[in-house]
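Structure record follows, encoded as structure tokens.
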Amino acid sequence: MINNPFQNAMKQLDNAAGIINLDKDIHEVLKSPDRVVTVSIPVRMDSGEVKVFQGFRSQYNNALGVYKGGIRYHPGVNIDEVKALSFWMAIKCAVVNIAMGGAKGGVIVNPKELSEGEIERLSRGYVQKIWRLIGSDKDVPAPDVYTTPQIMAWMRDEYEKLAGYPDPGVITGKPLGQGGSEGRSFSTAQGGVYCVEELVKKMNWKPEGTTIAIQGFGNAGSHMAKILHKSGYKIVAVSDSKGGVYNKDGIDPEKAEKLKNDGGRLGCYCVGSVCNVEEMKTDGPCRAIDNHEILELDVDILIPAALENVITAENVDRVKAKAIVELANGPTTPEADVILKEKGIVAVPDVLSNAGGVTGSYFEWEQNVKNEHWTEAEVLEKLEKMMREAFDNVWETKEKYGIDMRTAAFVVAVERIAKNIKT
Ligand code: GLU
């Protein structure tokens, strides 16, 4: 497979291991997940027929605490992707210094083709297959691409039925009022915003006038666009899986989202998507762009917020952004990283810049196990402190060794994990 995400992840590990002369036994341990399960999930479809879906859970490492990581519903899910994502979760938790390990789950499915009832049965069916492996004291799933707070609520319910006792901390990203935490719905984006702010300080830029393009308009990308817009940054391009829009004068992401949801149309915003390219025939300052073009715009900050392997050896030469802040997991391949460094483009890596999501989840889990409820202000105060500290730590490590920020983040994380592995 081209750009196998697990091979990419192992290359990133090797880079960090080389810098710190990592003990070779520990390096060896970190090359494999503790456990990967593959499950078949039979689902009664609305038509009456049974369809069997394939699902995975990879528990990579729990040296720092319970396994932690989301569940992805996507047609492109595969075992190497899930393994890579679970490894990145272990690194991510260590980068922000939370006492959790790394895991990830996935189901091969296009949820857009399923009814709500079918998604509920699939989600309950997935838990029926993995419930003995999870729990607030073992492995704590969460949302990821195309999974929602509602899905988390169904999964919690199914788990508690099977286990026979309440365990709200078995899963995070739940709806508010059903064990969810204030702030969790936008904590991935908020954490990314703190990283953008720190980066902008390091670059001696000002928020006003800093131009930003965001690929992906899901939970992470849409919240990121809205928060940055409110703080004065100029969002010039957004896109989703169907296409995107560029406006050199700036885009109001609230409007883009509203029009996407309502199916309305105004100026350069389009129907049924951030932009339906087919319908985009305007001569104004805006133009329709596709998901590849958005990566090649001449902007200050490019934020990939969709899927992995979008900045590769093939297109990295055409990337014109001055900096990249990764909100997706694994958007940049190791080959592309080398070229970004040569070109002097700073890339704030996923394991740091999207760690606000799992940090929010950690707070949710902590509230659940302690039976507490924190205010949004309390959650954000803690999140801000942890994210800014993590950024500083990674930046200092980058300066100390003269390495890129990704390798620096891995160095910080691997040192913390290694201390807790006995060989
Ligand atoms: N899916 C998110 C991530 O990749 C959040 C994981 C979590 O909250 O456990 O970081």
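Numbering of ligands and ligand atoms starts at 1, following listing order. Position 1 is the first residue of the sequence, and the numbers go up from there. Heavy atoms only: backbone and side chains are in, while hydrogens, waters and symmetry mates are out.
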Does [X] come within less than 4.0 Å of [Y], counting only side-chain N to carboxylate O?
| X | Y | value |
| --- | --- | --- |
| R72 | D144 | yes |
| E378 | K382 | no |
| E120 | R124 | yes |

S58 side, atom OG; K83 side, atom NZ - distance, nearest 0.5 Å: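 Here the rounded value is 7.5 Å.
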Min side-chain heavy-atom separation P207-S231 under 4.5 Å: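 Side-chain contact under 4.5 Å: no.
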Close residues, ligand 1: non-hydrogen atom nearer than 4.0 Å: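 K68, G69, G70, M89, K92, K104, A142, P143, D144, R184, N329, G357, V358, S361.
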Residue pairs passing the ring pair (Phe, Tyr, Trp, His ring centres under 6.0 Å) test where at least one lies in residues 134-167, sequence neighbours excluded: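 Checked against ring pair (Phe, Tyr, Trp, His ring centres under 6.0 Å) - neighbours excluded - the pairs reaching residues 134-167 are H74-Y146.
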